[in-house]
Amino acid sequence: MRYFLIKSEPGVWSWDQMVAEGAKGTHWNGVRNHQAAIHLKAMAKGDRCFFYHSNEERQIVGLVQVIKTAYPDPTDPAGRFVMVDVKAQKTFRRPVTLGQIKAEPRLAHISLVRQSRLSVMDIDDAAAALILEMGGMG
DNA sequence: GCCAACGTTGGC
DNA sequence: GCCAACGTTGGC
């Protein structure tokens, strides 16, 4: 099982809305960046994604599970980009802020810190374990 | 509200 | 095919 991180602006699609979708989950569509799309395609059923609120909040608030692997995103007129389906799995006991992540030397290498504009990224196992621990999810 | 990073577009 | 201009994202 691998870990990833997906970003959402809470004003557009929030963690509360994600939770409200329950077991049926939702399509993670609208990705229009090639590097982000590569990560979507790498996701397997059962993989986990940290759910990050960007902009106003800047914190990881939950964990979702991939329930359907990459397939064409109908909102892309060119038909080139893909989406996956995810469902909410766990709400973080304590959200992990970008500030905390930046203050942790063992997380200095992750894409969230190094490439602020990337909206879907992979997170290595060691970093994932640390983030879960920081969120009170260890 | 500003700015840096970066992807895309269009003129040449 | 290069590069300037422009648009978008997201942190501060």
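No hydrogens, no waters, no symmetry mates; every other heavy atom, side chains included, goes into these values. Numbers restart at 1 for each chain; the letters A, B, ... are given by sequence-line order, proteins then strands.
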J.: Give a yes or no on whether the backbone of V61(A) and the side-chain of Q59(A) come within a donor-acceptor separation of less than 3.5 Å.
T.: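 Not at all, since once roles are kept as given, no pair shorter than 3.5 Å links the two residues.
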
J.: If I take atom CG in residue D76(A) and atom P in nucleotide dT8(B), what distance separates them, rounded to the nearest angstrom?
T.: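 In whole Å, dT8(B) P lies 12 Å from D76(A) CG.
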
J.: Please report the distance, rounded to the nearest Å, between CG in L98(A) and P in dC12(C).
T.: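 Answer to the nearest Å: 5 Å.
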
J.: Starting at atom CD of E9(A), determine the distance to atom C1' of dG11(C), rounded to an integer number of angstrom.
T.: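 In whole Å, dG11(C) C1' lies 12 Å from E9(A) CD.
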
J.: In this structure, is the centre-to-centre distance between the rings of W28(A) and F51(A) below 6.0 Å?
T.: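 F51(A) vs W28(A): aromatic centres under 6.0 Å.
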
J.: Under 3.5 Å, is there a donor-acceptor pair between the side chain of Q17(A) and the main chain of S14(A)?
T.: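 Checking the backbone N and O of S14(A) against the side chain of Q17(A), a donor-acceptor pair under 3.5 Å is found.
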
J.: According to salt bridge (charged side-chain N to carboxylate O under 4.0 Å, His left out), does anything in residues 3-25 of chain A pair up with another residue at least two apart or in another chain? List the pairs.
T.: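 Applying salt bridge (charged side-chain N to carboxylate O under 4.0 Å, His left out) to every pair that reaches into residues 3-25 of chain A, excluding sequence neighbours, yields E21(A)-K24(A).
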
J.: If the condition is side chain to side chain contact (heavy atoms under 4.5 Å, CB included), which residues does A44(A) pass it with, not counting sequence neighbours?
T.: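 Per chain and number, A44(A) pairs via side chain to side chain contact (heavy atoms under 4.5 Å, CB included) with D47(A).
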
J.: Give the table of side-chain donor-acceptor pairs shorter than 3.5 Å for residues 117-129 of chain A, with sequence neighbours excluded, one pair per line with atom names and distance.
T.:
unit_1	atom_1	unit_2	atom_2	d
D124(A)	OD1	A126(A)	N	3.2
D124(A)	OD1	A127(A)	N	3.0
D124(A)	OD2	H109(A)	NE2	2.8

J.: CG of N55(A) versus P of dC2(B): gap in Å, rounded?
T.: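 These atoms are roughly 17 Å apart.
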
J.: I need the CD-P distance between Q35(A) and dG7(B), as an integer number of Å.
T.: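 Rounding to the nearest Å, CD of Q35(A) and P of dG7(B) are 7 Å apart.
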
J.: What bend angle does the helix from dG1(B)-dC12(C) to dC12(B)-dG1(C) show across its length, from five-pair end axes and to the nearest 10 degrees?
T.: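 End-to-end axis angle for the helix from dG1(B)-dC12(C) to dC12(B)-dG1(C): 10°, rounded to 10°.
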
J.: Linking I/L/V/M/F/W/Y whenever any side-chain heavy atoms sit under 4.5 Å apart, do F50(A) and V113(A) land together?
T.: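 Same hydrophobic cluster.
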
J.: Starting at atom NE2 of H34(A), determine the distance to atom P of dT8(B), rounded to an integer number of angstrom.
T.: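 Roughly 10 Å, once rounded to whole Å.
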
J.: To the nearest angstrom, how far is L5(A) atom CG from dG10(C) atom P?
T.: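 Taking CG of L5(A) and P of dG10(C), I get 11 Å after rounding.
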
J.: Check whether any side-chain heavy atom of V86(A) lies under 4.5 Å from a side-chain heavy atom of F4(A), and answer yes or no.
T.: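 The answer is no; the side chains never approach within 4.5 Å.
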
J.: Through direct or indirect side-chain contacts below 4.5 angstrom among Ile, Leu, Val, Met, Phe, Trp and Tyr, which residues connect to Y71(A)?
T.: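 Members besides Y71(A), by chain and number: M83(A).
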
J.: What protein N or O atoms touch nucleotides 4-6 of chain B N or O atoms at under 3.5 angstrom, if any, and at what distances?
T.:
unit_1	atom_1	unit_2	atom_2	d
dA5(B)	N3	R117(A)	NH1	3.1
dC6(B)	O4'	R117(A)	NH1	3.0
dC6(B)	O2	R117(A)	NH1	2.5

J.: dT9(C), OP1 or OP2 - any side-chain N/O from Y52(A) closer than 4.0 Å?
T.: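 So the side chain of Y52(A) is outside the cut-off, no N or O lying under 4.0 Å from OP1 or OP2 of dT9(C).
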
J.: Output the rounded distance in Å from CD1 (I101(A)) to C1' (dC12(C)).
T.: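 My rounded result for the distance is 16 Å.
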
